[in-house]
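Index from 1, following the sequence.
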Amino acid sequence: METLFYRFENGSRTLAQRPQVVGVVGSGNLEVLIEAVSQNGACTVEIKTTARGFGAIWEAVICDFQQRWRLLDTRIAINDVGATPAVVSLRLDQAVESMLKDKASTTRPKGGA
């Protein structure tokens with residue numbers, strides 16, 4: 001088992017407060033837990049993977065993800081059992097999109113004016 005850790009500063013997008021879990025380790029070989037937490041504006045990503053020696057690929061996928069979403073005050077935990085980079089990107093995007101949808105539904109005005 002290998003553990004990789006990434007920290008990004010200067011994000012600009014916040015997420016809903018309710019944590020999200022996307023994927024299952026037994027299905028697609030990848031599970032992503034994403035949560036909004038106070039981290040002085042940082043986005044952190046911790047990856048636990050059984051596939052050793054793929055740090056450069058993980059770094060490329062995670063950096064691409066953060067460049068697209070620019071998250072701040074976010075913690076992401078990934079449990080991996082050999083998912084492809086495409087599956088990793090898909091699950092990360094699903095997690096963020098789900099949280100943004102939750103955030104929009106909680107900030108939308110209730111009822112008519």
From CA spacing to verdict: side chain to side chain contact (heavy atoms under 4.5 Å, CB included), Leu4, Phe54: CA-CA 10 Å; Leu4 305 168; Phe54 290 91; over 6 Å; no

Criterion side chain to side chain contact (heavy atoms under 4.5 Å, CB included) on Thr44 and Thr74, from CA distance to verdict: CA-CA 6 Å; Thr44 60; Thr74 304; over 6 Å; no

Side chain to side chain contact (heavy atoms under 4.5 Å, CB included) between Asp93 and Arg91, worked out: CA-CA 5 Å; Asp93 288 346; Arg91 293 290 182 235; over 6 Å; no

Worked verdict on Leu92 versus Val22 for side chain to side chain contact (heavy atoms under 4.5 Å, CB included): CA-CA 8 Å; Leu92 285 166; Val22 177; over 6 Å; no

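Side-chain contact between Leu71 and Ile76 is present, with at least one heavy-atom pair separated by less than 4.5 Å. Taking 4.5 Å as the limit, every side-chain heavy atom of Arg7 sits out of range of all side-chain heavy atoms of Cys43.
Pairing each heavy atom of Val45 with each of Ile47, the nearest pair is CG1-CG1, 4.0 Å. In terms of heavy-atom proximity, Arg18 sits nearest to Met99 at O-CE, 3.3 Å. A pairwise comparison of heavy atoms in Ala36 and Ala16 identifies CB-O, 3.4 Å as the closest pair. Scanning both residues, Val88 and Ala83, for their nearest heavy atoms gives CG2-CB, 4.2 Å. Closest of all the heavy-atom pairs between Pro85 and Ile57 is CG-CG2, 3.7 Å. Taking each heavy atom of Met1 and Arg52 in turn, the nearest pair found is O-NH2, 3.0 Å.
Tested against Thr49 for a side-chain hydrogen bond (donor to acceptor under 3.5 Å, both in side chains), the candidates Asn79, Thr3, Asp80 yield a single pass: Asp80.
Using a 30° and 60° split on the angle between ring planes, Phe8 and Tyr6 fall in the parallel class, below 30°.
Defined by atom type and a distance below 3.5 Å, a donor-acceptor pair is present between the side-chain atoms of Gln20 and Ser98.
At least one donor-acceptor pair under 3.5 Å links the side chain of Asp73 to the backbone N or O of Gln39. In this structure a side-chain-to-backbone donor-acceptor pair under 3.5 Å is missing from Arg75 to Glu46. In terms of modelled atom types and a separation under 3.5 Å, the side chain of Glu2 and the main chain of Gly53 share a donor-acceptor contact. Ser89 places no side-chain N or O within donor-acceptor distance of the main-chain N or O of Val87, the cut-off being under 3.5 Å.
One hydrophobic cluster, built from ILVMFWY side chains closer than 4.5 Å, cannot hold both Val96 and Leu33; they sit in different ones. Val21 and Leu30 are not part of a single hydrophobic cluster, where members link through side-chain heavy atoms under 4.5 Å apart. Cluster annotation: Trp69 is connected to Ile78 through the hydrophobic network of ILVMFWY side chains, with a link wherever side-chain heavy atoms come within less than 4.5 Å.
With rounding to the nearest 0.5 Å, the separation of NZ in Lys48 from CD in Glu31 is 12.0 Å. Distance check, rounded to the nearest 0.5 Å: CD of Gln67 to CD1 of Ile62 gives 12.0 Å.
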